[in-house]
Enquirer: 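Before I ask anything, here is the structure I am working with.
All values derive from a computational prediction rather than experimental measurement.
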Amino acid sequence: TWYVVDGMDGSGKSTAADVLVDKLESEGRKVLRIEHPNRTTRLGRLEARLLLVDGKAALVASTALYVADVVRSVWRMKRARGFDDVVFVRYIMAVAYLPDDLAGMAYRIFANVLPTPDVRILVDVDPETAMRRIESRGEELERFESPEKLEKVRGRMLRLSDGWIVVDNSGSPEESADGIRAAALGKRRPGAAHPLLTAASNLSRISAAFSGMFGESELNTLIGTCTNAKHPLSDTAERMDSGSEALSTRGRPYAEATA
């Protein structure tokens, strides 16, 4: 079963994913967990650094890097062997960090070209609680980490949450853990352990869409300055397209695709 646990900063999605993974592993299942940004990769670390920078250029670059990071994780999941379940922490709901006029369009693009998880969990909490959790970490605040911005992000996520299981994470840790377990495990699907995913060439469509939204030259300039390398989306697309087969499960759940 493929699970996605999503939510805004400070919502407790990583803790919720911990609860889910612990429950699955207690049943003897082998779980692959992947977080975004994936700080185990150079791409994810650069993405995380750009989240600390204000301005449109940083927003454009971090968005593009996030897309590449997620697609790389999807490709990694497709190639993984020996896992019963996969848990993503953050997936397409991150489009809620884009402006209102782009968030809905970006969500539709991603929902159309990326595979659909079996279980989608949106961890919800009010912005004040989220900010308290964020500030308790003692880390530098990211560009979206203020009550006002989190309120807007939360509103967009809830508007986009059709088909998601929304879990209120404002209660006690025990109540939240019970809610996560009930929501996720009640919806899981039987099926093969290895997903057959959307064609990797769809990355080219995503990249083109974002270039149209933001302007590719601005994106290339900033990323090139940060990495002294060519556009990571182009590089990833080339590598993924060269190895892609005729995979055709667009919009279909993981278990259905592998049945």
Side-chain angles (χ1 to χ4, degrees), residues 1-21 23-24 31-37 63 66-67 69-71 73-74 77 85-100 102-127 129-130 133 144 149-171 175-191 195 197-198 202 206 249-258:
T1 304
W2 177 21
Y3 302 88
V4 163
V5 182
D6 219 323
M8 68 181 182
D9 293 13
S11 63
K13 57 190 173 295
S14 294
T15 302
D18 289 341
V19 170
L20 175 58
V21 171
K23 174 60 177 174
L24 294 170
V31 183
L32 173 63
R33 171 180 169 150
I34 303 176
E35 297 214 17
H36 304 104
T63 300
Y66 182 84
V67 173
D69 194 17
V70 166
V71 173
S73 295
V74 168
M77 180 173 66
D85 302 293
V86 179
V87 176
F88 275 22
V89 183
R90 274 205 173 121
Y91 192 50
I92 66 173
M93 195 59 82
V95 300
Y97 287 89
L98 294 172
D100 284 329
L102 295 178
M105 177 170 59
Y107 186 90
R108 289 190 294 274
I109 291 171
F110 288 145
N112 185 49
V113 301
L114 289 175
T116 302
D118 295 315
V119 182
R120 294 173 288 174
I121 302 170
L122 178 62
V123 182
D124 181 51
V125 73
D126 63 86
T129 300
R133 294 173 178 173
F144 297 108
K149 292 179 179 179
L150 290 177
E151 181 67 46
K152 293 179 180 179
V153 170
R154 183 194 188 197
R156 295 181 195 118
M157 286 187 172
L158 291 174
R159 288 194 295 273
L160 296 170
S161 64
D162 184 41
W164 291 71
I165 303 168
V166 180
V167 176
D168 182 2
N169 197 28
S170 59
E175 290 172 335
S176 298
D178 288 344
I180 292 295
R181 285 189 287 262
L185 303 183
K187 292 286 186 177
R188 67 181 176 189
R189 299 167 180 260
L197 299 175
T198 304
N202 278 332
I206 298 172
T249 60
R250 180 184 312 163
R252 292 166 54 195
Y254 165 102
E256 177 188 338
T258 54

Enquirer: Return the set of residues passing salt bridge (charged side-chain N to carboxylate O under 4.0 Å, His left out) with Lys23 (not counting sequence neighbours), or none when no residue passes.
Expert: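 Partners of Lys23 by the salt bridge (charged side-chain N to carboxylate O under 4.0 Å, His left out) criterion, ordered by chain and then number, come out as Glu27.
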
Enquirer: Which atoms form the tightest heavy-atom contact between Leu160 and Ala103, and what is the distance?
Expert: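 Heavy atoms only, the tightest pair is CD1-O, 4.5 Å.
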
Enquirer: I need the Ile165 CD1 to Ile180 CD1 distance, nearest 0.5 Å.
Expert: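 That separation rounds to 9.0 Å.
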
Enquirer: Can you tell me how far the OG atom of Ser73 sits from the CD1 atom of Ile34, to the nearest 0.5 Å?
Expert: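 Atom-to-atom, Ser73:OG and Ile34:CD1 are 4.5 Å apart.
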
Enquirer: What is the minimum heavy-atom distance between Ser176 and Gly171, and which atoms define it?
Expert: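 Result for this residue pair: OG-O, 3.9 Å.
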
Enquirer: Where the side chain of Arg120 meets the backbone of Gly163, is there a donor-acceptor pair that is under 3.5 Å apart?
Expert: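 Yes: the side chain of Arg120 pairs with the backbone of Gly163.
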
Enquirer: To the closest 0.5 Å, what do you measure between CZ (Arg156) and OH (Tyr97)?
Expert: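 Answer for the CZ-OH pair, Arg156 versus Tyr97, is 10.0 Å.
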
Enquirer: Which residue pairs pass the salt bridge (charged side-chain N to carboxylate O under 4.0 Å, His left out) test with at least one member in residues 6-18, sequence neighbours excluded?
Expert: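 Qualifying pairs, neighbours excluded: Asp9-Arg90, Asp18-Arg33.
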
Enquirer: Flag the pair Tyr91 / Trp164 as yes when their ring centroid distance falls below 6.0 Å, and as no otherwise.
Expert: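 No, ring centres 6.0 Å or more apart.
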
Enquirer: When you measure from the side chain of Asn169 to the backbone of Ser11, do you find a donor-acceptor pair of N or O atoms at a distance under 3.5 Å?
Expert: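 Yes; judged by distance alone, with no hydrogens or angles, the pair exists.
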
Enquirer: In Å, rounded to the nearest 0.5 Å, how long is the span from CG of Asp85 to CH2 of Trp2?
Expert: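 Rounded to the nearest 0.5 Å, the CG-CH2 separation comes out at 13.0 Å.
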
Enquirer: I would like to know whether Val70 and Phe110 meet side chain to side chain contact (heavy atoms under 4.5 Å, CB included); could you show each step before the answer?
Expert: CA-CA 11 Å; Val70 166; Phe110 288 145; over 6 Å; no

Enquirer: Between Val123 and Gly12, what is the shortest heavy-atom contact and its length?
Expert: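 Between these two residues, the closest heavy atoms are CG1-C, 4.3 Å.
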
Enquirer: Can you run down the salt bridge (charged side-chain N to carboxylate O under 4.0 Å, His left out) pairs that involve residues 159-168, sequence neighbours left out, and say none if there aren't any?
Expert: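 Those involving residues 159-168 are Asp100-Arg159.
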
Enquirer: One pair to check against side chain to side chain contact (heavy atoms under 4.5 Å, CB included): Met8 and Val125. What are the steps and the verdict?
Expert: CA-CA 8 Å; Met8 68 181 182; Val125 73; 4.0 Å; yes

Enquirer: Could you name each residue pair satisfying salt bridge (charged side-chain N to carboxylate O under 4.0 Å, His left out) that touches residues 103-115, not counting sequence neighbours?
Expert: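 Residue pairs with at least one partner in residues 103-115: there are none.
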
Enquirer: What's the shortest heavy-atom distance between Ala17 and Val89, and which atoms?
Expert: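 Looks like CB-CG2, 3.6 Å.
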
Enquirer: What residues, two or more places apart in sequence or in another chain, satisfy ring-ring contact (aromatic ring centres under 6.0 Å, His included) together with Tyr66?
Expert: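 Not a single residue meets the ring-ring contact (aromatic ring centres under 6.0 Å, His included) criterion with Tyr66.
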
Enquirer: Could you state the interatomic distance from CG (Asp69) to CD (Glu35), rounded to the nearest 0.5 Å?
Expert: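 Asp69 CG to Glu35 CD: 11.0 Å, rounded to 0.5 Å.
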
Enquirer: Could you list the residues that satisfy salt bridge (charged side-chain N to carboxylate O under 4.0 Å, His left out) with Arg133, not counting sequence neighbours?
Expert: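 Residues passing salt bridge (charged side-chain N to carboxylate O under 4.0 Å, His left out) with Arg133: none at all.
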
Enquirer: Determine, stepwise, if the pair Leu102 / Val95 fulfils side chain to side chain contact (heavy atoms under 4.5 Å, CB included).
Expert: CA-CA 8 Å; Leu102 295 178; Val95 300; over 6 Å; no

Enquirer: Can you measure from CD1 (Ile92) to CG (Asn112) and round to the nearest 0.5 angstrom?
Expert: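 If I round to the nearest 0.5 Å, the distance is 10.5 Å.
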
